[in-house]
Amino acid sequence: MAIEQTLILIKPDGLIKSLTGNILSRLSEAKLIIAGAKVVRVTRELAEKHYEHLKGKPFFDELITYIMGDIHNTRRVVAFVYQGEDAIKKIRDVVGDTNPELANPVSIRGAYGRITTNGVFENVVHASSSLEDAEKEIKLWFNPDEVIEDLYPTKEVVLSQVHTRVWA
Ligand code: IDP
Ligand code: MG
């Protein structure tokens with residue numbers, strides 16, 4: 001079976017419910033390696049790119065508000081790249097169905113997710129659902145140097161006049 005990589009996000013509800021440790025323990029059942037990890041401030045632009053396939057759905061605006069952290073007052077998610085054999089399916093199995101009420105009760109979403117009165121599925125984590133989605137999502141959330149493996153082709157560019165912050 002092929003080595004794959006997949007993007008996992010601990011969504012704002014997972015963070016404020018203090019579920020990070022539990023979620024990582026459950027994900028470790030898939031016996032994969034972590035190739036990248038970081039805390040990300042979620043801008044509207046990032047949120048809308050991540051969920052662009054859902055534009056036009058009745059829950060889209062609420063979903064963007066949710067992933068940006070505006071509902072839970074925490075504008076951050078924790079992002080991981082997991083890598084290993086059959087990673088996408090293995091992680092999706094541990095994560096469970098999109099709808100937390102239909103998800104297997106022992107899956108992460110089944111155990112910790114809920115449907116809000118606004119109808120948003122607050123399902124605690126995101127996990128890529130196909131190879132194509134994984135590539136698109138990992139490239140969106142991580143720069144090549146933030147992932148410890150060479151996952152996709154890169155190119156070198158010379159940047160001039162780049163303004164960046166350094167420690168004072
Ligand atoms: P996935 O996260 O299982 O891959 P997607 O269809 O890609 O599911 O949807 C992205 C996210 O949008 C879901 O995780 C969930 O938070 C939300 N969502 C999806 N479908 C619905 C719905 O029918 N009602 C409310 N929220 C939904
Ligand atoms: Mg999806």
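Keep in mind that what you see is a predicted model, and the values were worked out from it rather than measured. In listed order, ligands and their atoms are each counted from 1.
- Taking the charged nitrogens against the carboxylate oxygens, Glu48 and Arg44 do have a contact shorter than 4.0 Å, which makes a salt bridge.
- Ion pair Asp97/Arg109 not flagged as a salt bridge, since none of the NZ, NE, NH1 or NH2 atoms sits closer than 4.0 Å to an Asp/Glu carboxylate oxygen.
- With salt bridges taken as basic N to acidic carboxylate O contacts below 4.0 Å, one links Glu29 and Arg26.
- Nearest to atom 2 (O) of ligand 1 by heavy-atom distance, out of Glu122, Arg109, His50, is Arg109.
- Considering backbone and side-chain atoms alike, Ser129 places every N or O at 3.5 Å or more from each N or O of ligand 1.
- Note that Lys17 lies outside the cation-pi zone of Tyr112, set by a 6.0 Å cut-off to the ring centre and a 45° limit from the axis.
- By the rule that hydrophobic residues join a cluster once side-chain heavy atoms approach within less than 4.5 Å of another member, Leu19 and Ile71 end up as members of separate clusters.
- At least one N or O atom of Phe121, backbone or side chain, sits closer than 3.5 Å to an N or O atom of ligand 1.
- Atom NZ of Lys49 has 12 or fewer neighbouring heavy atoms from other residues, nucleotides or ligands inside a 6.0 Å radius.
- Nearest protein heavy-atom neighbour of atom 15 (C) of ligand 1: Asn123 ND2, 3.5 Å.
- In this structure, His53 is part of the shell of residues with a heavy atom less than 4.0 angstrom from ligand 1.
- Of all protein heavy atoms, the one closest to atom 3 (O) of ligand 1 is Thr98 OG1, 2.5 Å.
- The nearest heavy-atom contact from the protein to atom 6 (O) of ligand 1 is Leu54 CD2, 4.3 Å.
- Close approach to Arg92 involves these atoms of ligand 1, each under 4.0 Å from a residue heavy atom: 1 (P), 3 (O), 4 (O).
- A cation-pi arrangement is not found for Lys11 relative to Tyr66, the charged atom failing to lie both closer than 6.0 Å to the ring centre and inside a 45° cone about the ring normal.
- Nearest to atom 17 (C) of ligand 1 among the protein's heavy atoms is Leu63 CD1, 3.8 Å.
- Among protein heavy atoms, atom 25 (C) of ligand 1 sits closest to Gly119 O, 3.0 Å.
- Of the possible polar contacts, none joining the Ser128 side chain to the Ser130 backbone as a donor-acceptor pair under 3.5 Å is found.
- Of all protein heavy atoms, the one lying nearest to atom 20 (N) of ligand 1 is Phe59 CZ, 3.3 Å.
- Not a single N or O atom of Tyr66, backbone or side chain, sits closer than 3.5 Å to an N or O atom of ligand 1.
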